[in-house]
Amino acid sequence: MTAGVNSAIPSHTLLVAGLALAALACLAWSVATGYTPFDLSAALGDVLAGRQTLPALVLVELRLPRALLGLLVGFSLGLSGAAMQGLLRNPLAEPGVIGVSAAAALGAVLVFYSGLAGSFALALPLGGIAGAALATLLLFGLVRRGAGTMTLILAGVAIGSAAGALTALALNLSPNPYAALEIVFWLMGSLADRSMVHVWLVLPPMLLGWGLILAGGRALDALTLGEDTAASLGFGLGRLRLQLILGTALAVGSAVAVTGAIGFVGLVVPHLLRPLVGHRPGRLLLVSGLGGAVLILLADIGLRLVRVQPELKLGVVTAIIGAPFLFSLIWRLRRSP
């Protein structure tokens, strides 16, 4: 038994290392990819030398922030999806199940609707983060200590449905059709036209959220044995639920606040990688985060390689990828005994 466990450790380490290298390779590929010819080495040399050339500005102001956000957002969505599936023990769970994604989108839409989006550069992401924070507080208020998993799911669905309805109402009542169109485009999700300011804004809450989720890995492994067994091992379900929900809210709420809604990543990636970690939810966390980063970066690179104008939205592409996968998953679950 011990030999079997020890033999699994190097394979898991190699998997993590391989995915980390793939994410770094995709990051570099994303920086080098664009609609116009770009000498990456010359631009990097200009940046290091402090020369304010056009290639240096394109690298620092456009391509690097886009690639970094793809890495951060993808990691957040993949990690949170694995955490929610492990916590709820439901293969169809994903980060949006707790309603924070929809609430973050609503916060950003209200900033659009009120006209504050044009007042200062960070108004939009700050509105999204505020919406995610309020949804988290509401969720904790609805799901008190001792509440079951079904109560948590219902509370998340209720918050998400209410946020979605209010978003639709804001679009319906928007007096300016151009503003409504801008809101719709933002809701589709994109990494384009973001800056390093957005990266520095979301990095602290994301790092905190990642830490909270990753720290719950052992408890998620124990939870697969049942709630009573996990409690006997010293892992309280209430504390674990609070920890993972708060971590997901920080990571996913920040992501949605900056990039808009990008769906299916947190659902697809854990399913693809779960067999490679022996179906252990604790080991799946970091692996899914790295896999989510790879998927988002590859999808965003594909948007720029397919020269369509206007540029396709990232959320549309991930939905096109994710919907058939969801149908195949449902079909497999239907056929399983």
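Only this structure's heavy atoms are used, side chains among them; waters, hydrogens and symmetry mates stay out.
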Can you give each donor-acceptor pair under 3.5 Å made by side-chain atoms of residues 125-143, sequence neighbours left out, with the distance rounded to 0.1 Å?
residue : atom : partner : partner atom : Å
Thr136  : OG1  : Ala132  : O            : 2.8

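- Every residue two or more places apart in sequence or in another chain was checked for a side-chain hydrogen bond (donor to acceptor under 3.5 Å, both in side chains) with Trp200, and none qualifies.
- The list of ring-ring contact (aromatic ring centres under 6.0 Å, His included) pairs with a residue in residues 39-64, not counting sequence neighbours, is empty.
- Minimum interatomic distance between Leu233 and Ala222 (heavy atoms only, all atoms of both residues): CD1-CB, 4.0 Å.
- Counting only residues at least two apart or in different chains, salt bridge (Lys or Arg N to Asp or Glu O under 4.0 Å) contacts with residues 44-53 comprise Asp46-Arg51.
- Judged as a side chain to side chain contact (heavy atoms under 4.5 Å, CB included), and not counting sequence neighbours, the contacts of Ala319 are Phe264.
- With sequence neighbours excluded, no residue satisfies salt bridge (charged side-chain N to carboxylate O under 4.0 Å, His left out) with Arg218.
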Donor-acceptor pairs under 3.5 angstrom involving side-chain atoms of residues 69-77: please list them, not counting sequence neighbours.
residue : atom : partner : partner atom : Å
Ser76   : OG   : Leu72   : O            : 3.0
Ser76   : OG   : Trp210  : NE1          : 2.9

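- Applying the ring-ring contact (aromatic ring centres under 6.0 Å, His included) test to residues at least two apart or on different chains, none of the pairs has a partner in residues 281-301.
- Here Glu94 pairs with nothing under the side-chain hydrogen bond (donor to acceptor under 3.5 Å, both in side chains) rule; sequence neighbours left out.
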Let me have the donor-acceptor pairs involving side chains of residues 54-62, under 3.5 Å, with sequence neighbours excluded, atom names and distances please.
none

Identify every side-chain donor-acceptor pair in residues 251-259 under 3.5 Å, counting partners at least two apart or on other chains, and give the distances.
residue : atom : partner : partner atom : Å
Ser254  : OG   : Leu250  : O            : 2.6
Thr259  : OG1  : Ala255  : O            : 2.8

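- Between Ile213 and Ala83, the closest heavy-atom pair is CG2-CB, 3.6 Å.
- Listed by first and then second residue, the side-chain hydrogen bond (donor to acceptor under 3.5 Å, both in side chains) pairs involving residues 287-303 are Arg66-Asp300, Asp300-Arg304 (not counting sequence neighbours).
- Using a 4.5 Å cut-off on side-chain heavy atoms (C-beta onward), Ile296 and Val265 make contact.
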